[in-house]
Every structure is written in C-alpha cells, then in structure tokens.
Amino acid sequence: MLDVNKIRADFPILQDEAYPGVPLVYLDSAASSQKPLPVIEAMNHYYRHTNANVHRGIHRLSEEATNAYEGARERIARFINAADAAEVIYVRNATEAFNLVAYSWGRANLQPGDEMLITAMEHHANIVPWQILAEQTGAVLRHLPFLPDGRLDLAQLPQLLTEKTRLFSFTAVSNVFGTVNPVKQLIEAAHQVGALAMVDAAQAVPHMPVDVQAWNCDFLAFSGHKMCGPTGIGILYGKRHILEAMPPFMGGGDMIRRVTLEGSTWADLPHKFEAGTPAIAAGIGLGAAVDYLTHLGMENVHAYEQYITNYALEALSEVDNLQILGPSAAQRGGVAAFTIQGLHPHDIAELLDKDGIAIRAGHHCAMPLHQLSGINSTARASFYIHTTTEEVDKLVISLNRAKKIFRL
Amino acid sequence: MDESIYREQIIDLYEHPLNRGHLETADWSYEEDNPLCGDVIRIDVKLDENQRVADVAWSGEGCAISQAAASLLTEEIKGKTLEEVRSFDKDELLELIGVKLSMARVKCALLSLKVLKAGAYGMPDPEEMRKFDNPQ
C-alpha cells in the first residue's frame, strides 16, 4: 500500500495550516487536486531556465522548451496507453475537449434528426456543449437515466442507443455519486449501433489505470488540475483516423502548414487542433504530474483510494441523519456526496472550514443529477492519495460538532 | 474556533423563521434562485393605501444565512414605503445580520434583498399608474 505520510511530504500546501493552529484537511481533490513539489518545480524550472516559445525558435531555449513540452505529451500518451502521441491534443481542460469535439466533429457530421446520447449524471461540461450543438444542427440530445442508488439504468440503454445515435458521451466516474460506470460495456454498445463513444475521464484518469486502447473509446477527455497537475491544461484523446478527418477547431498560428491570403492548409496532428502559443509551462507541469503518478503506480493509487473511501463511507454512516448519495463502496471512486437532515450544505462547509476541513458544497456542476435526485445541493468530501484515516475521523468529529451547533 | 457567524440569533431564526409563508393577496410576488447553490427565495408583498408595506411573507429553501436574512429583511421592511423598499441598502441588511461573512456567503445573505428589490422595481410606479387612470 502507498505510504501516505511519505506522499504528504511531497505536497507543500499540506504542510501549511488552514488557520493558525488548525492543520489543513483537504477533502476537495475532486474539484481540484493539490500539487506535489516535482510538478511545481518542473514549471518553475521552465520559467527560470528554459522559457521560450515552442515549435518556432532556432535558438537553444526554444528547442529545450519544445523538447520539454513535447516530451510531456509523449509521457501523457503512454500514461493513458494511446497508440500515438499525435492522438493526444493539449486543451485547457476537459470542458474544452468536449467543446472541441462538439464544434469540430459535431458540426461536420451531424444532420437534423441524428441523435446524441449522454447520461443524467453528467457534469455540465458533458451536457452543455451537446445542447448547443443540438440547437445548431437540429440533432436530438437524449439521456440515459440513473437508478436511485446512482448506477446507470442500463435496462433503458437499448431504447435510447439506436442506429440514429451518432455519439454516446458519458462519464467513467460520476463526480457526485462516485459511480464507476461500466465503460467498456457502454463503448461496445455504442459501437454496435455505429455511434462514436466519448468518455469523460476527468474523475478517472487521476484515480485509476486508464487504457484508451483497451477501452476502445473514440474520444476521451480529462483535466490536468485534478491529477496533481496545473490548471489551464487538459487532454483530448482521439483516435487518429477520426481526428484526421475532423476540421480544425480554432484557427491561428501553429495549426497551419501554409497560409496565403487566399486560404490555408492545416498542420498534421496534434498541432492542427492547437492554434496559438499554448500553455507551455502547464503542459510541462502535467508531464511531471504523470511522472509522479506513474512512479506511485496507478494500481497502487486506485487501491489506496478504495481503502480510504471504504473507511470514509463506514465512518460517515455512523453520523445520524446523514445520507450518502451513490452506490456501495465496491462500485465507486473516491467521492462521498451527502446531505444531513436540517443542515444545509453551505452551513456544513462553512462550519467544517472553521476546523480546517475543505469540502465542496453545492451542485458540483451537475444540476440535472441533483434535480432528478430531488435535492438542491449536497456536501461533498473527496479523497486522494494523501488523505489519511485521521483526516476522515476529523471530518466525522467536525460534522457532529456542526450538528450540535444547529441543535440537531 | 470562532463560530460567530452561527451566533444564537441566526440559529434561532433558522429554526423559527419570521414571516415565512405566502400571502393570499399580494401586490407583487417575485422569486429567484442562486444558481451557485440552487437555493431559492420567493417574497410576497402587500401594500396599504399609503403605499407602505402592510404585510410581507417569504418562502423557499436555503442555508441558515439566507434563511435568517430573509426573516430579518421582511421584518425590517414592514411599514416602509415602496420608495424606502426600493432604496433599501445591502449594507443595512448586512448590519442587521450582524456577523462577518465571507464573499461567498454575502451572496447567500443578499439573495432575499435581490428578490425583494426585483419585485419592488418590477411593480409599476403608482404615480405613473394614476396617469393612466385619468388621461388628459
């Protein structure tokens, strides 16, 4: 098992106090993870020693910057087992990855009456781009419902996923329920009706081994900042032949082969989708994050998260009138969204914060999921490689104290 | 630790809200939500013949801060004129709440005032309305 104390020493922010005399208990990694020192230093080193634009200069610095940035892409490709680094497109975040596919693939391929399928447990990033696309193309957006325990209602899949469906886009792991969806099965089902499959892996890539070739997904999206990397960088993975057939997303420098005032031709993958000077330091930082996680071993990361999540679910179940959303521990990732009768999630988060505990309160960018569950908002604790059982114990103590303040 | 934002009065108001409910006959009703948290507040206002607030009721769901603020605000505006309601300042409400709030929680506190003012401004100006009654 991972040595959690050794890991904690890698994260400078975990050495800080939330308030004087109050240690920080960071249980909001599902919103954005903290950064270990090697990631911070990789970006720092770039700015201090190799800062220059990429893919342009003949000088030493530009060459070093390009090598670091493109080297990171190759390691990220290996991390998700992409067949080729050219299939790994740098974007700002998972949200941009969905928008890229909707804008480029969607506008070129969808006709009125075509259908797209998502699920009712999606993050807004995997809902709104398709709604905009549906409005602009006349395509129809459908959704697969979930069961009361937060698992997808697979019995309804055959009616919803049909030969009309052109794209099935779904999350690998719900950011609220924590549900780990049967990704491979869903992708196979999409392919059987001739649809493309896109996976929201924002809550999967940071937490478990992901192999895009084993999944056989057509597109996959994730964000750097949820996996120990910096903000401002994310990845769109796409199968080469699909990406090659797609028109560019944004026009500008770096994405062209040749420009005349009459017209232009496009650069090869991955640069066709990467107009303008990119987030170079962030790409290098994400490469360092991938190195860090690879060194820990994603199997180990996953096993530790399973352990700490089981511990947390058990501990939270001891709190009276606390309802945890989502399926049993065996089928979930490291998030626990919950409600406490008589205590609003905002008040829970505020009172926990006074004890140095950072959680998220609200709808977690999944309003349809909350509406369908009949609740306005939830409190959410999320766990990562540095979460200790002592921290989970503190969470429970603080929740009980919050209840007491509210005379519950 | 300092838990002053959850002082007794706030918890009391959360448990026993003032002016909670609906008015049978209101001069205006307005409802809005805070998209960040999904909280929603509706306020019904009834004016008397002098255009003063005769009765007011609020309903909705929210955190202790937004709920306490709605109680305090509705209590405060009783008897005030439409103009006074329209010009009611957010700092007055924050002072009534009387606890130091973080930026995020100020939004919770001010949701009821936003709803009240939107309703007050949405209502036609009585002077203007009279002109329609006696066209010249």
Side-chain angles (χ1 to χ4, degrees), chain A residues 17-25 28 31 124 128 176 337 339-380 394 397-408, chain B residues 1-18 20 31-43 58-73 90 93-94 97-115:
Chain A
E17 291 179 327
Y19 298 106
V22 183
L24 172 67
V25 176
D28 199 18
H124 297 165
V128 182
V176 182
T339 56
I340 296 177
Q341 211 182 329
L343 198 47
H344 190 280
H346 267 186
D347 296 319
I348 298 174
E350 175 113 25
L351 285 163
L352 261 50
D353 175 64
K354 296 291 177 280
D355 289 337
I357 302 171
I359 63 158
R360 181 146 177 205
H363 50 59
H364 324 302
C365 296
M367 286 176 95
L369 180 157
H370 281 81
Q371 278 160 4
L372 291 166
S373 302
I375 36 183
N376 275 344
S377 59
T378 51
R380 182 186 71 185
K394 281 187 188 173
I397 292 167
S398 191
L399 286 171
N400 280 320
R401 230 169 46 86
K403 287 177 66 185
K404 219 166 146 192
I405 289 165
F406 271 71
R407 303 162 191 164
L408 295 169
Chain B
M1 270 311 292
D2 178 19
E3 257 136 25
S4 57
I5 101 153
Y6 294 105
R7 64 197 176 92
E8 292 289 304
Q9 189 202 8
I10 301 285
I11 308 287
D12 285 343
L13 287 170
Y14 189 55
E15 275 186 14
H16 308 289
L18 307 171
R20 194 174 160 90
E31 181 177 305
E32 196 163 306
D33 62 353
N34 176 351
L36 281 178
C37 55
D39 290 354
V40 58
I41 284 189
R42 166 180 152 158
I43 297 183
W58 69 272
S59 53
E61 297 305 322
C63 62
I65 299 299
S66 80
Q67 306 276 285
S71 284
L72 291 164
L73 176 65
K90 66 179 170 50
L93 177 58
L94 293 175
I97 298 165
V99 292
K100 199 174 176 320
L101 297 170
S102 65
M103 286 255 280
R105 302 314 294 282
V106 165
K107 282 204 181 108
C108 307
L110 295 181
L111 177 59
S112 54
L113 182 60
K114 190 176 159 197
V115 168

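Labels below follow one simple rule: chain letters A, B, ... track the order of the sequence lines, proteins then strands, and each chain is numbered from 1.
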Q | Heavy-atom side-chain proximity of A:Ile375 to B:Glu61 below 4.5 angstrom | A | no
Rounded to the nearest 0.5 angstrom, the CD-CD1 distance for B:Glu8 and A:Ile405 is 10.0 Å
Between B:Asp39 and A:His346, do the side chains contain a donor N or O and an acceptor N or O under 3.5 Å apart?
no
Under 4.5 Å to a heavy atom of chain A? For B:Gln67 that would be neither
Residues 343-352 of chain A vs salt bridge (charged side-chain N to carboxylate O under 4.0 Å, His left out), sequence neighbours excluded, gives A:Asp347-B:Arg105, A:Glu350-A:Lys354, A:Glu350-B:Arg105
The salt bridge (charged side-chain N to carboxylate O under 4.0 Å, His left out) partners of A:Asp28 (sequence neighbours excluded) come to A:Arg380
In B:Cys108, B:Cys63, B:Ser66, the residue satisfying side chain to side chain contact (heavy atoms under 4.5 Å, CB included) with A:His344 is B:Cys63
What one should report as the nearest heavy-atom pair of B:Tyr14 and A:Gly342 is CE2-O, 3.5 Å
A:Glu17, CD: over 12 other non-hydrogen atoms inside 6.0 angstrom: yes
